[in-house]
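Letters A, B, ... are given to chains in the order of the sequence lines, protein chains preceding strands, and every chain is numbered from 1.
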Number of protein chains: 2
Amino acid sequence: VVSSSLETITVRTPSLSYQVHIGSDLLESIGSRVDALVQGGLSSGKQRAFVVSSPEILAFWGQKLVHSFPSATVTLAVPSGEQGKRMSTVEKLLEELAELGADRDSVLVAFGGGVVGDMTGFLAACYMRGIRYVQVPTTLLAQVDSSVGGKTGVNLAAGKNLAGAFHHPLAVYADVSTLKTLPPAELRAGLQEAVKAGIIRDPELFALLERERDRVLSCDQAALIDVVARSVRVKADVVNADERESGVRMILNLGHTLGHAIEAATEYKQLLHGEAIAWGMLAAVAIAKRRNMVTVAEHDRIEQIIKSFGPLKRFHADPAQLVSLTAKDKKNRSGNRSFILPRGIGDAVVVKDVTVDELTFTAQRMMAMVAREGA
Amino acid sequence: VVSSSLETITVRTPSLSYQVHIGSDLLESIGSRVDALVQGGLSSGKQRAFVVSSPEILAFWGQKLVHSFPSATVTLAVPSGEQGKRMSTVEKLLEELAELGADRDSVLVAFGGGVVGDMTGFLAACYMRGIRYVQVPTTLLAQVDSSVGGKTGVNLAAGKNLAGAFHHPLAVYADVSTLKTLPPAELRAGLQEAVKAGIIRDPELFALLERERDRVLSCDQAALIDVVARSVRVKADVVNADERESGVRMILNLGHTLGHAIEAATEYKQLLHGEAIAWGMLAAVAIAKRRNMVTVAEHDRIEQIIKSFGPLKRFHADPAQLVSLTAKDKKNRSGNRSFILPRGIGDAVVVKDVTVDELTFTAQRMMAMVAREGA
């Protein structure tokens with residue numbers, strides 16, 4: 001099988017650079033690509049590639065990936081789902097790596113969605129104080145967002161992703177072919193992060209998503225490559241400018257302040273991440289409209305595209321609880337509450353003066369919309 | 001109280017620089033020193049200094065440290081001892097920090113021995129993907145070695161320090177006054193790491209330890225400042241040259257390959273770290289003598305000084321088991337076994353050709369010495 005087209009985007013950080021490859025039928029060549037990246041090759045010395053993946057992804061795509069490696073790989077299975085994304089799972093995997101004889105030259109392969117990627121990245125960050133890994137994201141959410149940027153980690157009882165590390169992969173391989181086995185709801189949820197990328201930085205991506213909605217939803221490979229590549233470029237541009245999220249990188253969190261609050265309020269069980277972010281973006285754009293940072297037309301266009309990748313799922317939460325949960329956001333510093341607001345389509349800013357009243361207004365409005373339109 | 005003398009050593013890494021201050025009666029000024037280091041001061045915004053310490057150290061020295069801060073601090077207690085240095089303890093502390101409202105501007109203060117320092121550093125590395133911390137080491141081992149260099153982490157069932165991160169402190173404050181409450185066995189064990197520093201890089205430190213043995217053992221403050229400062233300078237020089245232990249930094253592990261094996265074989269319960277390292281150094285210098293890398297006179301001088309900071313504690317282990325445990329050393333890459341050997345006094349090298357026969361010889365010789373001379 002020949003890859004139809006391959007897009008390559010370079011992420012440049014002060015500490016290192018790496019490439020994100022986006023294409024279809026990529027799995028078949030990932031092993032040899034990783035082998036070429038690793039000095040001396042993977043087959044020198046003892047076994048050194050460890051694939052970390054979920055049982056579902058291994059069942060669908062495991063053979064293709066594993067056979068692409070020139071030498072034997074070891075496979076570690078992790079539970080899928082946010083519930084398993086905990087320190088205890090990481091500790092178990094660390095023990096397994098040690099028992100299997102992984103050393104500082106070993107390379108981990110994160111093969112799965114965001115949970116697998118975040119956890120495997122953190123595993124690589126912690127094992128022997130840091131070994132190499134590559135990301136092979138198999139969900140749209142992971143391809144457009146979480147596999148790029150070096151953020152790794154796990155959840156605490158106190159909040160999502162509160163423990164972790166910045167640890168960049170050697171490379172990212174996003175094969176849109178794997179999206180064929182993705183549940184349609186996850187495809188739609190992942191598209192919300194692509195919508196986010198369009199809103200904050202790329203009006204052409206936004207227009208592409210409006211224009212190609214049906215092709216994208218039917219898993220057209222060329223359309224998906226375009227969407228993923230443009231989304232990754234947005235993320236890479238922002239990360240390149242701000243590796244550690246001290247400034248501009250925070251705009252990637254559009255919709256996430258309330259989105260995270262929704263996920264926390266529903267205990268990460270009722271909504272997919274992208275679905276929570278969709279509701280959060282609707283709330284953010286409502287504040288932006290109220291502040292005249294977006295026109296009514298822009299507001300409606302944003303609301304329309306978010307809903308077009310719905311149906312947005314219903315959930316139960318108390319607006320006041322959502323507001324108080326935003327106080328725990330990691331982006332807050334020294335008690336200041338940060339919030340990301342769109343400024344038209346293709347631009348967004350970090351503001352620190354969103355009041356509790358504004359948050360309450362938008363949370364109430366959002367919950368009314370949930371009651372009225374949630375599926 | 002006026003500090004008698006204050007030595008300051010700068011650690012320079014590619015990523016950042018920080019200072020190690022060594023003196024007596026330092027605790028009283030640490031809070032205001034940290035406050036001055038943190039942009040805007042600790043008292044701006046909400047509470048942001050979190051002291052992590054053991055119950056013992058808090059009982060002896062907690063008041064002095066806590067009162068040195070211009071604003072209130074929060075204290076988190078951790079169990080002392082290697083057994084508690086685990087992921088589960090770190091996770092518990094992460095949850096506590098979150099509950100207490102620590103944010104990205106918070107500063108942790110690692111106040112205790114190596115276990116507290118390693119765990120607090122890792123806690124700081126992981127909390128919200130990295131916050132700042134300072135080291136206030138209160139054992140000689142932590143002052144001369146573990147508080148400097150940015151290595152943080154916890155133990156796995158499979159081995160010591162197998163999980164962790166490189167995360168440098170903002171500053172290190174080593175107050176030798178705190179050594180007055182250190183159990184004498186821990187003082188002697190810590191001196192073995194100072195001996196190590198002398199062997200690998202500083203013949204004057206080696207001679208100082210020979211000459212000032214009695215003053216040092218009686219906790220003479222000026223002598224201790226000299227020993228700690230010279231030892232830290234060795235460590236800083238080596239770390240400056242090699243932040244991530246890809247090359248020269250490995251010489252800091254003289255005595256550690258077998259030392260770690262001894263600790264693993266005795267389940268970290270029978271020996272202090274420095275005591276295990278002392279036995280490991282005796283084994284390494286025996287290999288070096290057999291290879292003619294040290295003269296008989298140098299060998300005897302090294303053996304003599306190590307024993308002079310004894311008595312070295314007895315332990316039970318099978319030589320063959322010790323040899324097989326060295327195969328798990330983190331320094332091994334792609335199956336190659338690395339070993340550090342002295343080359344005279346004040347010099348050491350990393351070798352990769354130590355054979356199983358040599359290891360077996362030296363492990364057997366060492367166990368015979370344990371049986372004959374162990375206390």
Given that the side chain runs from C-beta out, which part of Ala125(A) has a heavy atom under 4.5 Å from chain B: side chain, backbone, both or neither?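 Backbone only.
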
Any side-chain heavy-atom pair from Glu91(B) and Val154(A) closer than 4.5 angstrom? no

So, do Asn161(B) and Arg129(A) sit near enough that their side-chain heavy atoms are less than 4.5 Å apart?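 A side-chain contact under 4.5 Å exists here.
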
Which atom pair, heavy atoms only, marks the closest approach of Glu95(A) to Ala157(B)?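 In this case the closest contact between Glu95(A) and Ala157(B) is OE2-N, 2.5 Å.
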
Sequence neighbours excluded, which residues qualify as side-chain hydrogen bond (donor to acceptor under 3.5 Å, both in side chains) partners of Gln135(A)? none

Options Ser88(A), Cys126(A), Ala98(A), ranked by heavy-atom pairs under 4.5 Å with chain B, top entry: Cys126(A)

Once you round to the nearest 0.5 Å, how far does CG of Leu156(B) lie from CE of Met128(A)? 9.0 Å

Taking side chain to side chain contact (heavy atoms under 4.5 Å, CB included) as the test, write out the residues that go with Glu82(B), two or more places apart. Lys85(B), Val115(B), Asn155(B), Lys160(B), Tyr268(B)

